Amino acid sequence: MTSSVDTARFGGDPNWWRQASVYQIYPRSFADANADGLGDLRGVTAKIPYLAALGIDAVWLSPFYPSPLADGGYDVADYRDVDPRLGTLADFDRMAQALHAAGIKLIVDIVPNHSSDQHPWFREALAAGRGSAARERYIFRDGLGPDGSKPPSDWVSHFGGSAWTRVTEPSGEPGQWYLHLFAREQPDWNWDHPEVRKDFETTLRFWSDRGVDGFRVDVAHALAKDMSEPLRSKPSVADELTPVDGKDPIFDRDEVHEIYAEWRKVFNEYDPPRSAVAEAWVPAERRPAYASPEGLGQAFNFDLLRADFDSSQFRTIITRNLAQAEASGASSTWVLSNHDVVRHASRYGLPDGLDYGPWLLSNGTEPPVDYETGLRRARAATLLVLALPGSAYLYQGEELGLFEVADLPAASLQDPIWQRTGQKRKGRDGCRVPLPWTAEGPSFGFGSDGAHLPQPAWFADAAADLQDGQEDSTLEFYRAALKLRRELQGFEELTWVDGVSEGVLHFVRPGGWNCITNFGTNPVEMPSGTVRISSGPLRAGALPPETTAWLSQ
Ligand code: NOJ
């Protein structure tokens with residue numbers, strides 16, 4: 001089957017995703033066309049000229065499905081529809097067509113580990129009671145203790161608290177417990193159930209038939225679980241504690257790949273095959289299995305989210321990930337920001353190794369961000385990443401140089417992490433504040449009736465309209481870098497140039513493209529060649545501190 005519309009730049013190239021620049025849209029916070037304070041699909045469509053001018057190859061759309069929004073849409077009540085607050089299926093089709101007409105591919109988020117507690121199958125499971133077939137689609141267990149009042153295991157939710165919630169049976173009695181690795185409104189699916197498997201394949205075909213080019217797979221490493229009794233103890237979900245033997249009770253079990261082998265068959269029914277990228281928080285050496293061509297094909301490499309602005313950390317991460325991608329037949333992925341982490345312009349303006357939890361609780365005051373350093377380093381890191389082989393995943397607003405909104409008032413917080421940790425961790429709302437499109441006007445041009453998270457006054461200075469056409473602006477810098485990056489795409493090789501000054505990374509790409517980053521605090525000598533772009537101002541013959549430059553021969 002072929003998608004109804006073909007795209008200009010890649011045509012039917014089955015490898016379009018390998019070197020793509022992918023722009024993540026968090027739809028509720030992107031652009032609001034219907035004036036209800038929530039971004040929507042018509043808002044996305046209206047901004048396609050902006051996206052095309054930015055020079056991205058694909059959009060990854062975070063969940064836009066009907067959802068009670070217990071976790072920003074990652075609690076899906078209907079996998080095959082559009083949230084009425086965000087639009088209709090017809091709006092989706094118009095958006096997909098308009099993106100394709102602009103030469104932009106479309107990746108959608110798919111959330112297979114859990115649904116919303118408002119999904120009809122979960123409601124059916126609650127109503128049907130203990131021992132029913134409907135409960136088999138989720139993970140229900142009796143509690144421990146004489147009256148079953150203790151959770152079936154010590155498993156914990158990623159958002160804090162127990163991963164089990166007790167239900168009230170239709171009789172009114174306290175009853176069984178169900179598993180939710182995230183919020184209690186996000187019950188985990190039972191992937192041993194054939195109907196669950198079949199239903200997800202139906203969903204993959206549903207969106208593929210509508211012309212979707214690929215999928216971003218949420219929590220891809222958690223679907224297969226060892227539920228054999230007695231349940232094994234696992235009192236922490238810290239991913240660095242997950243063993244690499246594929247035998248953890250919850251995460252990264254070897255069997256999970258059987259699911260993706262089936263999905264691959266579905267993807268390959270299409271021409272070009274649909275692509276997929278796994279969100280799998282697994283140790284680096286376990287990543288290739290998710291990225292294999294018989295599986296999802298690509299996996300996120302989140303290593304840079306945890307790295308300092310440091311040349312040796314960057315070099316180690318780059319080397320390792322390129323080698324792994326090659327070994328698995330995938331291409332690597334590069335991520336500096338997304339909707340789950342503190343924006344990289346803020347991270348780089350804070351001390352190395354900082355715990356962002358207490359920092360957010362202090363409203364971003366302890367310690368304060370060094371904004372100048374943060375943005376200078378963010379631009380240098382971005383330009384480096386854009387020079388690498390592999391796909392670059394960019395998060396909406398980073399092209400405006402946005403910082404984390406660290407001082408959101410407690411009353412405005414939406415992330416379930418805030419309540420589930422007893423208000424000890426503020427969570428991820430600070431990177432999800434609706435974008436500033438204009439320096440003036442209601443909600444900085446996001447929409448005409450406010451924004452669902454409060455926007456700070458400093459958004460006026462970062463607004464897209466103010467940066468448009470300004471040579472030194474971060475927006476124009478991204479546009480220029482993404483345009484030049486197209487000259488590098490199609491090649492996957494990188495050669496390090498060794499013997500450069502300490503704290504400097506220098507590599508060459510095919511065609512004589514050089515990328516050099518000075519992570520240090522003193523200027524270094526610039527290699528020979530014509531400077532095509534730099535992340536900050538240059539001085540004759542020298543590369544200033546915390547700056548990246550691309551040169552061609
Ligand atoms: C990962 C998503 O990126 C995050 O936003 C979400 O809260 C969890 N998965 C649960 O779906």
Side-chain angles (χ1 to χ4, degrees), residues 22-30 39 60-79 83 107-119 122 138-139 155-161 163 165 179-189 191 200 203 215-223 225 237-239 242 250-252 256 276-282 290 296 299-302 305-306 333 335-343 356 393-397 404 413-421 425-433 452-453:
V22 184
Y23 182 88
Q24 181 190 357
I25 292 184
Y26 192 75
R28 289 173 182 80
S29 300
F30 186 66
W60 148 29
L61 197 60
S62 278
F64 51 86
Y65 312 108
S67 165
L69 299 187
D71 180 23
Y74 284 90
D75 47 321
V76 179
D78 180 349
Y79 289 85
D83 188 320
I107 295 172
V108 298
D109 224 305
I110 181 116
V111 190
N113 180 65
H114 43 265
S115 70
S116 158
D117 61 353
Q118 298 307 308
H119 190 285
F122 190 73
Y138 290 89
I139 302 179
W155 298 356
V156 287
S157 151
H158 271 275
F159 295 159
T165 287
L179 181 71
H180 54 86
L181 293 183
F182 294 88
R184 63 187 296 161
E185 297 88 351
Q186 293 169 291
D188 280 38
W189 289 109
W191 273 89
F200 270 91
T203 296
F215 297 89
R216 177 264 188 194
V217 184
D218 191 63
V219 210
H221 57 311
L223 275 50
K225 299 180 181 82
V237 283
D239 52 286
T242 303
I250 306 177
F251 299 115
D252 191 29
V256 80
V277 55
E279 187 221 20
W281 290 88
V282 297
Y290 293 86
L296 293 175
F300 278 126
N301 142 32
F302 291 131
L305 297 181
R306 289 167 170 175
T333 56
V335 184
L336 290 168
S337 279
N338 66 28
H339 66 297
D340 288 332
V341 297
V342 169
R343 284 184 178 276
Y356 300 112
Y393 284 81
L394 311 171
Y395 177 52
Q396 67 178 39
E404 185 81 359
L413 297 177
Q414 299 172 10
D415 191 332
I417 289 177
W418 175 237
Q419 294 302 347
R420 286 195 66 89
T421 58
R425 281 170 55 209
K426 280 173 99 175
R428 304 156 293 175
D429 291 313
C431 64
R432 301 174 176 181
V433 175
H452 67 99
L453 281 166

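Bear in mind the structure is a predicted one, so any value in this text is a computation, not a measurement. Both counts, for ligands and for their atoms, begin at 1 and track the order of listing.
Side-chain N/O atoms of Tyr79 and Ser115 include no donor and acceptor closer than 3.5 Å.
Every atom of ligand 1 is numbered from 1 in the order shown, and the set under 4.0 Å from a heavy atom of Arg432 is 5 (O). Atom numbering of ligand 1 starts at 1 in the shown order; those under 4.0 Å from a heavy atom of Arg428 are 4 (C), 5 (O), 6 (C), 7 (O). Of all atoms in ligand 1, numbered sequentially from 1 with element shown, those under 4.0 Å from a heavy atom of Val219 are 9 (N). Those atoms of ligand 1 with a heavy atom of His114 less than 4.0 angstrom away are 10 (C), 11 (O).
Contacts with ligand 1 closer than 4.0 Å are made by no heavy atom of Gln24, backbone or side chain. With a heavy-atom cut-off of 4.0 Å, Phe159 touches ligand 1 through its side chain alone.
Ion pairing between Arg432 and Asp340 holds under the 4.0 Å rule for side-chain N and carboxylate O.
The backbone N or O of Ala299 lies less than 3.5 Å from a partner atom in the side chain of Thr333, making a donor-acceptor pair. The backbone N or O of Pro68 sits nowhere less than 3.5 Å from a side-chain atom of Glu185 that would complete a donor-acceptor pair.
Of the protein's non-hydrogen atoms, the one nearest atom 6 (C) of ligand 1 is Asp71 OD2, 3.4 Å. Considering only non-hydrogen protein atoms, atom 2 (C) of ligand 1 sits nearest to Asp218 OD1, 3.1 Å. Counting protein heavy atoms only, atom 8 (C) of ligand 1 is closest to Phe182 CE2, 3.8 Å. At the top of the distance list for atom 3 (O) of ligand 1, counting protein heavy atoms only, stands Asp340 OD2, 2.5 Å.
Taking the six-membered ring for Trp, Trp60 and Tyr23 have ring centres at least 6.0 Å apart. Tyr74 has its ring centre less than 6.0 Å from the ring centre of His339. Residues Phe251 and Trp281 keep their aromatic ring centres 6.0 Å or farther apart.
The closest approach between His158 and ligand 1 stays at or above 4.0 Å for every heavy atom of the residue.
Screening His452, Arg28, Arg428 for a side chain to side chain donor-acceptor pair (under 3.5 Å) with Gln414, the sole residue that qualifies is His452.
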